[in-house]
Amino acid sequence: MDAFADTPFFGEPGGGFYIAAGGWDEQWMQLVAREMNLSETAFLRRDEGFLLRWFTPAVVDLCGHATLANAHVLWEDKHAPERGERIGFIRRAGS
């Protein structure tokens with residue numbers, strides 16, 4: 001995904017994965033992030049809100065542009081309420 005841009009390959013790149021079902025394995029997410037080789041790769045899973053975790057070649061607890069980019073994907077793919085409505089993310093850094 002490209003945050004802060006409306007044109008592909010511009011903006012700030014970040015990976016994003018929506019985990020529909022199954023595991024939430026930190027080791028696997030870390031390996032995927034390392035493979036993507038981006039500054040941040042985010043993983044989402046639906047729970048009471050959307051669980052959101054970010055990984056880099058090292059683990060991070062907060063990443064603004066990946067959060068915004070994933071919110072956009074949730075709206076575009078109709079996983080979240082209509083655009084402009086609040087999306088609740090649950091993160092290691094707090095809600």
Side-chain angles (χ1 to χ4, degrees):
M1 297 176 281
D2 293 300
F4 310 120
D6 58 5
T7 304
F9 309 112
F10 289 86
E12 194 161 347
F17 293 86
Y18 182 81
I19 312 279
W24 190 244
D25 182 82
E26 288 190 19
Q27 182 178 8
W28 178 82
M29 290 186 283
Q30 186 67 56
L31 290 171
V32 170
R34 189 173 71 193
E35 183 73 16
M36 295 293 101
N37 199 29
L38 296 166
S39 59
E40 287 88 15
T41 300
F43 296 86
L44 286 165
R45 185 180 77 189
R46 185 160 207 142
D47 199 355
E48 292 177 20
F50 289 97
L51 297 174
L52 180 59
R53 296 285 307 276
W54 302 276
F55 290 82
T56 67
V59 178
V60 296
D61 287 332
L62 181 63
C63 175
H65 80 279
T67 302
L68 292 173
N70 277 278
H72 174 76
V73 169
L74 289 172
W75 282 318
E76 289 295 313
D77 292 348
K78 309 280 190 260
H79 291 290
E82 292 190 29
R83 181 177 299 279
E85 292 186 35
R86 185 175 186 269
I87 296 176
F89 289 112
I90 303 161
R91 312 174 315 266
R92 286 174 51 151
S95 301

Please table the atom pairs, donor to acceptor, closer than 3.5 Å between any side-chain atom in residues 3-12 and protein atoms at least two apart or in another chain.
residue	atom	partner	partner atom	Å
E12	OE2	H65	ND1	3.4

Legend entry - Between CH2 on residue W24 and CG on residue L51, distance to nearest 0.5 Å: 5.5 Å
Legend entry - Residue pair R45 / I19: nearest heavy atoms and the distance that separates them: CG-O, 3.6 Å
Legend entry - Residues in side-chain contact (heavy atoms from CB on, under 4.5 Å) contact with D77, at least two apart in sequence or another chain: V73, H79
Legend entry - Nearest non-hydrogen partners of G14 and L38, listed with the distance: C-CD1, 3.6 Å
Legend entry - ring-ring contact (aromatic ring centres under 6.0 Å, His included): pairs with one or both residues in residues 25-46, sequence neighbours excluded: F17-F43, W28-F43, F43-F55
Inset, instruction - For Q27, enumerate each residue passing the side-chain contact (heavy atoms from CB on, under 4.5 Å) test, keeping only those at least two apart in sequence or located in another chain. - result: D25, L31
